[in-house]
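Right, one structure below, let's go through it.
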Protein chains: 2
Amino acid sequence: MATIQDIANRANVSKSTVSRVLNKSSVVENGKREAVIRAMEALDYRPSVIAQSLAGGKSMTIGIVTQNIGSPFTDTIAQGVISGLAGTGYSPIFVDGQWQQSAESEVIRTLLGRNVDGLVLIGGHIPTEDINKLRTQLPTIAIARELDGWDSQCIHVDNEDAGFRATKHLLDFGHRDIAMICGIKEHPDASNRFKGYSRALAAAGIIPSSELVYQGDFSAQSGVLAVNSWLASGTHFSAIFAANDMVAFGARLALHRHGIRVPDDVSIIGFDDQAESAFMTPPLTTMRQPAAEMGAAGAAAITQLIAGESPELPELAIELQIRESVARLR
Amino acid sequence: MATIQDIANRANVSKSTVSRVLNKSSVVENGKREAVIRAMEALDYRPSVIAQSLAGGKSMTIGIVTQNIGSPFTDTIAQGVISGLAGTGYSPIFVDGQWQQSAESEVIRTLLGRNVDGLVLIGGHIPTEDINKLRTQLPTIAIARELDGWDSQCIHVDNEDAGFRATKHLLDFGHRDIAMICGIKEHPDASNRFKGYSRALAAAGIIPSSELVYQGDFSAQSGVLAVNSWLASGTHFSAIFAANDMVAFGARLALHRHGIRVPDDVSIIGFDDQAESAFMTPPLTTMRQPAAEMGAAGAAAITQLIAGESPELPELAIELQIRESVARLR
DNA sequence: GAACAATATGAAACCGGTTTCATTCGCCGC
DNA sequence: GCGGCGAATGAAACCGGTTTCATATTGTTC
């Protein structure tokens with residue numbers, strides 16, 4: 001590979017001059033500039049990002065910390081970030097936060113060692129204190145995670161409100177005995193959705209029954225377990241609010257196994273609107289999270305943040321996606 | 001951040017010595033070694049990967065080229081690579097091949113500019129010639145793609161055989177009018193699956209009817225279109241072989257809309273076994289691709305290749321995952 | 001005890017850029 | 001016509017490591 005020195009030799013100028021035309025950091029006489037450009041083309045020159053990083057202190061690299069790898073929602077966000085970063089000159093490097101117990105130890109080590117220019121945190125359970133520490137060292141954007149006093153650097157959506165609206169949708173259709181299958185207990189999104197559920201019931205004058213809430217874990221399997229346990233205990237419900245679409249799939253299957261029709265006998269509403277949901281039988285009514293958009297917004301925000309601008313975060317909202325899994329209570 | 005020079009000063013040795021204990025590249029007297037180690041701990045030293053890259057020529061970075069971002073299958077492979085690379089010291093950097101038309105132009109530019117030590121190609125349609133060019137420059141592993149004369153660097157599974165077995169499974173259950181919804185025409189996996197389908201029919205003495213094969217594109221939507229078109233034209237079929245699970249979901253929904261039962265009236269077999277498939281109603285019989293394993297194998301292989309060893313590729317097979325969407329023809 | 005081999009270590013060059021600093025040159029005004 | 005100033009450019013230092021090479025030190029052998 002040609003180096004900057006090769007270019008300099010060929011164009012009969014110094015390294016410095018080549019660097020100048022490369023970065024437009026200073027005026028260069030026209031003749032020399034052209035000579036340099038010709039030389040670069042002739043030698044198919046491409047600067048070494050590595051060397052630029054070392055000299056310039058910038059690595060043109062952004063660390064992406066994933067935790068819930070395998071979850072359709074966070075994976076979609078990650079894809080949004082990748083494509084959002086394409087063409088910006090920044091390359092995403094991925095770190096799996098799950099791999100090491102302590103985020104502090106390995107993740108931060110690799111990221112700082114690699115001089116990443118910025119950090120994008122996707123969801124996850126990295127302790128807040130660690131994040132705050134990171135944040136002081138690097139431009140950081142968190143996606144799908146709320147952090148106190150951080151509004152301008154968090155891309156998140158209002159899960160509590162969405163939980164409320166999901167439940168309200170069910171209430172509007174006449175349902176009273178609304179069961180909920182919760183997500184991972186410690187997960188803020190999960191608890192916010194549950195809070196919205198509780199608030200909606202309360203607002204409708206319904207006393208939430210603890211029998212109707214099942215502590216799941218965002219997996220489809222937890223959806224079938226929830227339904228089975230309610231059915232076994234004879235608990236009555238006419239609608240289910242699932243913490244996410246995977247859970248809804250599980251619940252839907254369990255109902256099917258017991259000969260319970262959806263939505264005729266029981267309605268289901270999900271959360272996420274993953275690609276498969278539109279093709280469930282029946283197509284799943286769900287709260288659509290704009291995952292890809294969140295990822296893209298995160299990509300845009302981090303580059304702005306690095307550039308010293310204050311990022312402008314788009315208004316992203318969770319929207320009720322009405323399909324066919326919810327019916328009026330007969 | 002502490003540099004190697006800081007350590008050297010604190011331990012009263014030279015940079016060279018510090019570098020030696022760091023890489024164990026040469027023997028260092030015990031006393032000094034310990035002094036160095038103490039100094040490193042005291043200063044919380046972490047070497048700059050950037051500087052190491054520049055000096056050593058290695059970047060400890062592996063380029064991952066994705067193309068079909070959004071496809072459950074390739075995404076799962078990518079996740080497998082990420083987690084397979086965790087803890088190896090190599091970091092994956094992602095490039096979205098789709099972004100630029102010509103693979104040559106941008107992708108290769110960024111990758112070479114970043115001095116990646118190796119390349120992992122996931123699926124995709126990068127022209128073979130470009131790949132061959134790349135391959136001469138860098139250790140390269142291709143996942144989910146066959147390339148002539150490259151066996152030791154391709155992690156792929158036998159799609160033709162799997163297509164054969166899927167079709168045979170349907171035949172074994174008494175089906176004769178077996179429809180197929182194909183994937184993207186140009187995609188080798190798609191055409192191999194179709195070849196297997198044709199071969200199985202031929203082996204059973206059935207003349208494949210062109211009306212029974214629908215040219216889809218791996219999307220769920222193409223699944224519904226296929227079914228609708230057959231139904232509209234009055235084409236008879238008792239089983240469907242879908243190019244992947246998404247297509248199967250679409251087909252299943254379309255059948256549902258027409259009141260056709262699965263598997264009682266029509267059987268469906270899919271391909272991939274993505275997470276949702278086990279929770280389709282009814283759970284989908286499908287050809288399971290070991291996507292995560294392929295990704296992990298790719299990660300292992302690329303590190304071996306870089307180390308100069310010849311990679312040992314595990315035997316990965318597509319397995320028939322029998323569930324409930326295929327029934328004996330009544 | 002002297003000559004020589006083996007071993008540990010430091011100085012310096014190098015990787016490929018950026019950036020500071022000094023120098024040269026041309027142009028301006030008085 | 002000369003001093004002064006700004007613009008263009010090159011030399012050199014620097015980023016943080018690795019690696020070569022030379023040197024100092026120790027140990028071995030006869």
Side-chain angles (χ1 to χ4, degrees), chain A residues 1-37 39-40 43-61 89 91 109-117 306, chain B residues 1-37 39-40 43-61 89 91 109-117 306:
Chain A
M1 295 257 312
T3 76
I4 204 175
Q5 185 66 62
D6 300 332
I7 307 295
N9 294 342
R10 193 173 222 272
N12 282 320
V13 296
S14 70
K15 286 165 55 175
S16 324
T17 301
V18 178
S19 173
R20 285 182 187 111
V21 344
L22 208 53
N23 313 322
K24 310 191 203 327
S25 55
S26 156
V27 194
V28 173
E29 188 212 351
N30 250 326
K32 304 206 177 188
R33 149 176 301 105
E34 280 162 17
V36 168
I37 293 179
M40 297 204 291
L43 271 50
D44 190 25
Y45 171 74
R46 45 192 72 147
S48 154
V49 181
I50 302 280
Q52 288 178 319
S53 305
L54 185 56
K58 316 272 82 188
S59 66
M60 297 309 283
T61 271
S91 297
R109 175 169 230 88
T110 38
L111 291 178
L112 294 187
R114 281 180 181 274
N115 261 28
V116 297
D117 295 338
I306 292 174
Chain B
M1 294 257 316
T3 77
I4 205 175
Q5 185 66 61
D6 300 331
I7 307 296
N9 294 343
R10 192 173 223 272
N12 283 318
V13 296
S14 71
K15 286 164 57 175
S16 326
T17 303
V18 178
S19 173
R20 284 180 187 114
V21 344
L22 208 52
N23 313 322
K24 310 191 203 328
S25 54
S26 155
V27 194
V28 172
E29 186 212 350
N30 250 326
K32 304 206 178 191
R33 151 175 299 107
E34 281 162 15
V36 167
I37 293 179
M40 297 205 293
L43 272 51
D44 190 25
Y45 171 75
R46 46 193 68 147
S48 153
V49 181
I50 303 279
Q52 287 178 320
S53 305
L54 184 56
K58 318 270 82 188
S59 66
M60 297 308 283
T61 271
S91 296
R109 177 169 227 86
T110 40
L111 291 176
L112 293 187
R114 282 181 181 275
N115 259 30
V116 297
D117 295 337
I306 292 173

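None of the values given here were measured: they were computed from a predicted structure. Side chains are part of it too, since the values below use all heavy atoms of this structure and drop only hydrogens, waters and symmetry mates. Below, chains carry the letters A, B, ... as their sequence lines are ordered, and counting in each starts from 1.
- Residue B:A39 comes nearest to B:A11 through the heavy atom pair CB-CB, 4.2 Å, listed as atom of the first residue, atom of the second, then distance.
- Put simply, the side chain of B:M1 reaches to within 4.5 Å of the side chain of B:R46, judged on heavy atoms.
- Looking only at side-chain heavy atoms (C-beta outward), B:I37 and B:E34 stay at 4.5 Å or farther from each other.
- The closest side-chain heavy-atom distance from B:K32 to B:V21 is not below 4.5 Å.
- In plain terms, the two heavy atoms of A:V49 and A:S59 that are nearest each other are CG1-O, 3.9 Å.
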- Task: Go along nucleotides 4-10 of chain C 5' to 3' and tag each nucleotide: B for a protein heavy atom under 4.0 Å from its base, S when only backbone or sugar atoms are that close, - otherwise.
- Result: ----SBB
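- When only modelled atom types and interatomic distance are considered, A:T61 and A:R114 share no side-chain donor-acceptor pair under 3.5 Å.
- In 5' to 3' order, the nucleotides of DNA chain D bounding all contacts with chain A (an atom under 4.0 Å from a heavy atom) are D:dA8 to D:dG16.
- In terms of heavy atoms, B:L54 sits closest to A:I50 at N-CG2, 3.6 Å.
- Between B:S25 and B:A51, the one whose closest nucleotide on DNA chain D sits nearer the 5' end is B:A51.
- Taken from CG in B:N9 to OG1 in B:T3, the straight-line distance is 7.5 Å, to the nearest 0.5 Å.
- Among the atoms of the strands shown, base atoms are found under 4.0 Å from some heavy atom of B:S19.
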